[in-house]
Protein chains: 2
Amino acid sequence: MEPLDRIDRDILALLQAEGRLSGAEVGRRVGLSQPAASARIQRLERSGVITGYRAVVDPVALGLNIHAVVRLRTTHARLAHALDFASRVPEIVSVLRVTGEDCLVLEVHCPQAGRLEQVVDALARYGPVTTSLVLRAYPRKPLADATAASSEGRSGPDRKER
Amino acid sequence: MEPLDRIDRDILALLQAEGRLSGAEVGRRVGLSQPAASARIQRLERSGVITGYRAVVDPVALGLNIHAVVRLRTTHARLAHALDFASRVPEIVSVLRVTGEDCLVLEVHCPQAGRLEQVVDALARYGPVTTSLVLRAYPRKPLADATAASSEGRSGPDRKER
DNA sequence: CTTGAAAATAGACACCA
DNA sequence: TGGTGTCTATTTTCAAG
């Protein structure tokens, strides 16, 4: 679990943007030979930094025209049931258990409003629900290493670049 | 933009789970020859169903120990500035513009609470903010084609399997 | 869509700087 | 650790059925 150096961070940025790059291509872009790049990638995979690779699919291209964020406020007793329900509904693609008034923040992709209504109604069995339609989803950003420089000022001890 | 058949949906499920599968391996698993599988994958890519491939990175492995959902309620005039700010802060990895009281739902990954405080404070310049710490993120599910069968009942016209 | 062959590439290894 | 060269395994592309 060594801290990642500059090259590791570059590799992560590359692979988060283009997950199918070959070791040789990654090497080319970060200034390393193919074996060296492949070795680093393997190290990142084995150490659990890279947990997998996913194809990204466009919801609209699948007819999933409605994207919503649903917040659910439930009781401790009902939480497990709500989670179980959420895990069984394919339209609920993301489940976050959070602190605060709401207990769960869910992301839902549905073909039409009617289906969203069904999902929301079903969720409402577990507690009060707040539904927001997503008007626009901005492109998700890659995760950057905590030691990487940020654009905003920081507090705490001086940052030292390794 | 033909409707996807069963095999296309299987391929999407496979690739959303394991984005680096080869055409040959995909073919094996869906019962197709390698050229046929590769052709379908290309078709899905070119038609915009598959928009890319990403490596998935573990935030904790990067020292990003704090994961939060921040909801921002801002004015129309300030919205553009808030979006601009969000795009410049690497810790803000997801931005959703939504309907309802809140205008934006943001996901933030920070190394420590101090950094989250900075981000939240900065966001608060654009309007009232509600912050929830993520206690647990359940694994994201693959997107399933709208024509695929769901576990819950549905309304509207009878479903017909093709 | 399948099979079969060819061309291109990627990944793995051994050895050296 | 990284670079080079090489060898092998895979992949992809293409021609034909």
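Every heavy atom of this structure was used, including side-chain atoms; hydrogens, water molecules and symmetry mates were not. Below, chains carry the letters A, B, ... as their sequence lines are ordered, and counting in each starts from 1.
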Practice item. Select from A/Arg28 and A/Pro35 the residue whose nearest nucleotide in DNA chain C is closer to the 5' end of that strand. Key: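 Comparing both residues, the 5'-ward one is A/Arg28.
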With a non-hydrogen cut-off below 4.0 angstrom, is [X] in contact with a base, only sugar-phosphate, or nothing?
| X | answer |
| --- | --- |
| A/Glu25 | nothing |
| B/Ser22 | sugar-phosphate |
| A/Arg40 | sugar-phosphate |
| A/Gly27 | nothing |

**Study point:** Sub-4.5 Å side-chain heavy-atom contact between A/Glu107 and A/Val95
**Key:**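 SC-SC contact between A/Glu107 and A/Val95 ruled out.
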**Study point:** Pair A/Glu18 + A/Arg29, salt bridge at N-O below 4.0 Å
**Key:**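 Here A/Glu18 pairs with A/Arg29 in a salt bridge, since their nearest N and O are under 4.0 Å apart.
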Check your understanding: Hey, is A/Arg6 close enough to A/Asp145 for a salt bridge, meaning N to O under 4.0 Å?
Key ->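 No.
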Interatomic distance where [atom1] belongs to [X] and [atom2] belongs to [N] [whole Å]:
| X | N | atom1 | atom2 | result |
| --- | --- | --- | --- | --- |
| A/Ile11 | D/dT1 | CD1 | C1' | 13 Å |
| A/Arg20 | D/dT10 | CZ | P | 16 Å |
| B/Ile41 | D/dT11 | CD1 | C1' | 11 Å |
| B/Asp8 | C/dC1 | CG | C1' | 14 Å |
| A/Gln42 | D/dG2 | CD | P | 14 Å |
| A/Leu15 | C/dA10 | CG | P | 14 Å |
| B/Leu32 | D/dT12 | CG | P | 14 Å |

Exercise for review: Ignoring hydrogens and angles, answer whether the base of C/dA12 and the side-chain atoms of A/Gln34 contain a donor-acceptor pair closer than 3.5 Å.
Suggested key: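 Donor-acceptor pair under 3.5 Å: yes.
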Practice item. Could you tell me whether B/Arg78 sits above the aromatic face of B/Tyr126, with NZ or CZ closer than 6.0 angstrom to the six-membered ring centre and within 45 degrees of the axis? Key: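 That pair does not qualify as a cation-pi contact.
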